[in-house]
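The structure appears right after this line, and notes come after that.
In this text, all values refer to a predicted model and were calculated from it rather than measured experimentally.
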Amino acid sequence: MKNEDFKKHRGEYLNELVRKKGIKINVLTEAAGFDRSTFYNHIKKSDLSFGILIKYGKILNYDFAEAFPEMDPHRKQRTEPSMSYDELELDRDNWKEKYFQVAELYHQCMRQQKK
């Protein structure tokens with residue numbers, strides 16, 4: 001699985017991973033909700049859908065986004081530094097204040113409706 005050309009073929013990558021893990025195809029396909037014959041069709045597809053890979057990945061306990069980064073467009077955002085504790089507190093307080101403003105408007109509307 002180290003060959004870059006091999007990684008481009010999603011079906012072959014899936015097949016190699018299944019063989020490496022040693023899981024029986026009928027067990028895998030049943031757990032993923034596919035027929036055994038469907039698996040063989042899947043491994044022939046170089047552009048196998050990411051949705052299908054995700055289903056197999058859940059059963060195999062494998063994140064295919066490691067092999068296919070384009071599968072997870074938000075992956076880069078996760079590597080960015082997160083907010084500091086002080087920034088989190090300010091953000092929380094901001095949302096809390098907005099909530100109270102909306103709640104107050106709601107109660108005003110309800111009082112006007114009762115009149």
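The closest donor-acceptor contact from the side chain of Asp63 to the backbone of Ala65 lies under 3.5 Å. Side-chain N or O atoms of Arg92 include none that pairs as donor or acceptor with a backbone N or O of Leu88 at under 3.5 Å.
Atom-to-atom distance recorded for Asn15:CG and His9:NE2 is 9.5 Å, nearest 0.5 angstrom. Atom NZ of Lys44 and atom CD of Glu12 lie 12.0 Å apart (nearest 0.5 Å). The OG atom of Ser37 lies 9.5 Å from the NE2 atom of His42; values are rounded to the nearest 0.5 Å. Taken to the nearest 0.5 Å, the CD1 atom of Ile43 stands 4.5 Å off from the CZ atom of Phe39. Separation of atoms CD1 (Ile23) and CG (Leu28) is listed at 5.0 Å; rounding is to 0.5 Å.
Side-chain rings of Phe34 and Tyr56 approach one another, their centers coming within less than 6.0 Å.
Residues Leu53 and Phe50 meet the side-chain proximity criterion, which asks for heavy atoms closer than 4.5 Å. Side-chain contact between Val27 and Ile59 is absent, with no heavy-atom pair separated by less than 4.5 Å.
Across every non-hydrogen atom of Arg36 and Ile25, the tightest pair is NH1-CB, 3.6 Å. Lys55 approaches Ala32 most closely through the heavy-atom pair CD-O, 3.9 Å. Arg10 and Leu48 get closest at one heavy-atom pair: NH1-O, 2.8 Å.
Counting non-hydrogen atoms of other residues, nucleotides and ligands closer than 6.0 Å to NZ of Lys58 gives a total of 12 or fewer. The neighbour count for Glu30 CD, taken as heavy atoms of other residues, nucleotides or ligands under 6.0 Å away, does not exceed 12. The number of heavy atoms from other shown groups lying within 6.0 Å of CG (Asn94) is above 12.
The same ILVMFWY cluster, assembled from side-chain heavy atoms under 4.5 Å apart, contains both Ile52 and Ile54.
The aromatic rings of Phe64 and Phe68 sit parallel to each other, their planes meeting at less than 30°, with 60° as the upper class boundary.
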